[in-house]
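Ligands are counted one by one from 1 in listed order, and the atoms in each one are counted from 1 as well. Note: hydrogens, waters and symmetry copies are ignored here, and every other heavy atom, side chains too, is used.
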Amino acid sequence: MPLSLPTSPRPWSRRAFAALLGPALALGALASHAQAYPNKPITLVVPFAAGGPTDVVARTLGTLLGRQLGQTVIVENKVGAGGTVASALVARSAPDGYTLLLHHNGMSTAPALYRKMSFNPLTDFEYVSQVVDVPMTLLGRKDLPANNLQELMAWLKANPGKANLANAGLGAVSHLCGMLFQKAVGAEVTTVPFSGTAPAMNALLGGQVDILCDQTTQTTPHIKAGSVKLFGVTTKDRVRALPDAPTLAQQGLKDFEVVVWHGIYAPKGTPAAAIERFNAALHVALKDPAFVSRMADLGAEVVPESKQSPDGLKTWLTSEIAKWGPVIRAAGVYAD
Ligand code: ASP
């Protein structure tokens with residue numbers, strides 16, 4: 001005898017099915033949504049001008065990340081106010097994993113340098129990872145009448161207010177380095193802010209400014225080409241990429257140390273699954289032999305794995321805010 005199947009379920013059985021399957025279907029949809037990340041291009045915001053050291057790290061990593069994630073990583077330069085414009089923008093962006101920020105020490109110095117800020121570095125973000133550490137170099141224009149740090153300090157003291165000290169914007173690390181240098185020397189100089197290191201470096205190469213303190217990732221090729229004067233590196237120890245350059249501390253500027261560290265941030269509320277997926281791709285990118293050796297040639301070092309994590313970044317950021325706040329307040333300088 002043929003089986004007779006009902007052509008349409010009775011109302012009660014439809015409801016029963018929905019009740020039974022509802023939670024399972026919802027979970028399935030969530031899981032497939034999480035697996036789908038990223039399903040469109042990701043924007044990595046950089047707070048300084050294109051062609052500068054932060055931009056170079058972002059673009060080099062962006063290409064590697066894009067390969068790992070199967071999506072384009074678009075680098076967008078949102079310059080202004082020492083990185084606070086970009087930070088505020090990302091803090092207010094949709095927390096969906098498609099807008100991230102690559103920033104440096106500026107995230108930790110901004111709370112002391114700016115009296116008014118529209119975001120809080122410690123509460124408005126999810127933390128992704130630290131990336132690379134980069135030393136800085138103190139440079140002069142090629143025809144500056146000083147050939148070493150002692151001569152530079154004597155020249156600055158003999159010409160109060162005359163020397164132009166370039167930086168990548170008020171609140172940039174080059175600004176911080178310049179301020180610390182000025183304070184250590186006890187000489188007055190005129191600060192000239194740019195929108196990033198790329199234009200500041202061009203001004204130094206063109207002789208429109210006298211001094212610049214900036215990352216080795218940007219300055220090493222110019223130092224090696226002899227198109228600028230090098231007065232020292234800002235790290236505690238010498239930099240392997242520039243073995244002949246003494247540190248500023250070795251030349252008498254006791255305890256002078258500035259290292260540029262970088263972190264990747266997402267807006268608060270970004271799903272943990274998206275951050276984990278991004279971080280997995282980042283771990284692979286940071287191990288890429290070509291990336292590691294390119295960074296080493298430019299004096300930069302990939303951070304140890306312990307720092308390649310949300311906790312590693314948050315802990316470091318917290319300690320840097322605690323470290324620089326008193327130094328900047330004691331110097332009595334503000335960027336706004
Ligand atoms: N090096 C710059 C700074 O001083 C920023 C940049 O252009 O990457 O913060």
Task: Heavy-atom nearest neighbour in the protein, as seen from atom 8 (O) of ligand 1, with distance rounded to 0.1 Å - done: Thr54 OG1, 2.5 Å
TODO: Pull out every atom of ligand 1 sitting under 4.0 Å from any heavy atom of Ala168, numbered as shown with elements.
DONE: 2 (C), 3 (C), 4 (O), 5 (C)
- [ ] For atom 7 (O) of ligand 1, find the nearest protein heavy atom and state the residue, atom name and distance (0.1 Å precision).
- [x] Thr197 N, 2.8 Å
Task: Atom indices of ligand 1, in the order listed, that fall short of 4.0 Å to a heavy atom of Ala172 - done: 3 (C), 4 (O), 9 (O)
Open item on the list: Is it the case that ligand 1 has an N or O less than 3.5 angstrom from some N or O of Val173?
Closed with: yes
- [ ] Say whether, by atom type as modelled, one donor and one acceptor occur between the side chain of Thr219 and the main chain of Thr137 under 3.5 angstrom.
- [x] no
Open item on the list: Looking only at protein heavy atoms, which one is nearest to atom 9 (O) of ligand 1, and what is the separation?
Closed with: His104 NE2, 2.6 Å
- [ ] Begin from the C-alpha positions of Leu248 and Thr235 and carry the test side chain to side chain contact (heavy atoms under 4.5 Å, CB included) through to its verdict.
- [x] CA-CA 8 Å; Leu248 295 179; Thr235 35; over 6 Å; no
Open item on the list: For Leu100, run the side-chain contact (heavy atoms from CB on, under 4.5 Å) check against Phe125, Tyr265, Phe278 and tell me which one passes.
Closed with: Phe278
Task: Protein heavy-atom partner closest to atom 1 (N) of ligand 1 - residue, atom, separation in Å - done: Gln215 OE1, 2.4 Å
Open item on the list: Taking 4.0 angstrom as the limit and counting only heavy atoms of Gly196, give me the atoms of ligand 1 inside it, by number and element.
Closed with: 7 (O)
Open item on the list: Tell me the contacting part of Asn167 for ligand 1: side chain, backbone, both, or neither, using a 4.0 Å heavy-atom threshold, strictly below.
Closed with: neither
Task: Axial cation check for Phe119 ring with Arg92, 6.0 Å and 45° limits - done: no
Open item on the list: Can you tell me if Pro53 contacts ligand 1 (heavy atom of the residue under 4.0 Å from the ligand)?
Closed with: yes
Task: Distance-only N or O hit between ligand 1 and Ser174, under 3.5 Å - done: yes
Open item on the list: Checking side-chain contact (heavy atoms from CB on, under 4.5 Å) between Ile211 and each of Leu165, Val228, Asn164, which is the one that passes?
Closed with: Leu165
Open item on the list: Minimum heavy-atom separation for Ala184 and Leu253, please, with both atom names.
Closed with: CB-CD2, 4.0 Å
- [ ] Report the C-alpha separation of Val259 and Thr234 in whole Å, then their side-chain angles, then the decisive distance to 0.1 Å, and conclude whether the side chain to side chain contact (heavy atoms under 4.5 Å, CB included) test is met.
- [x] CA-CA 7 Å; Val259 176; Thr234 64; 5.7 Å; no
Open item on the list: If you take the centroid of each ring, where Trp contributes its six-membered ring, are Tyr37 and Tyr98 closer together than 6.0 Å?
Closed with: yes
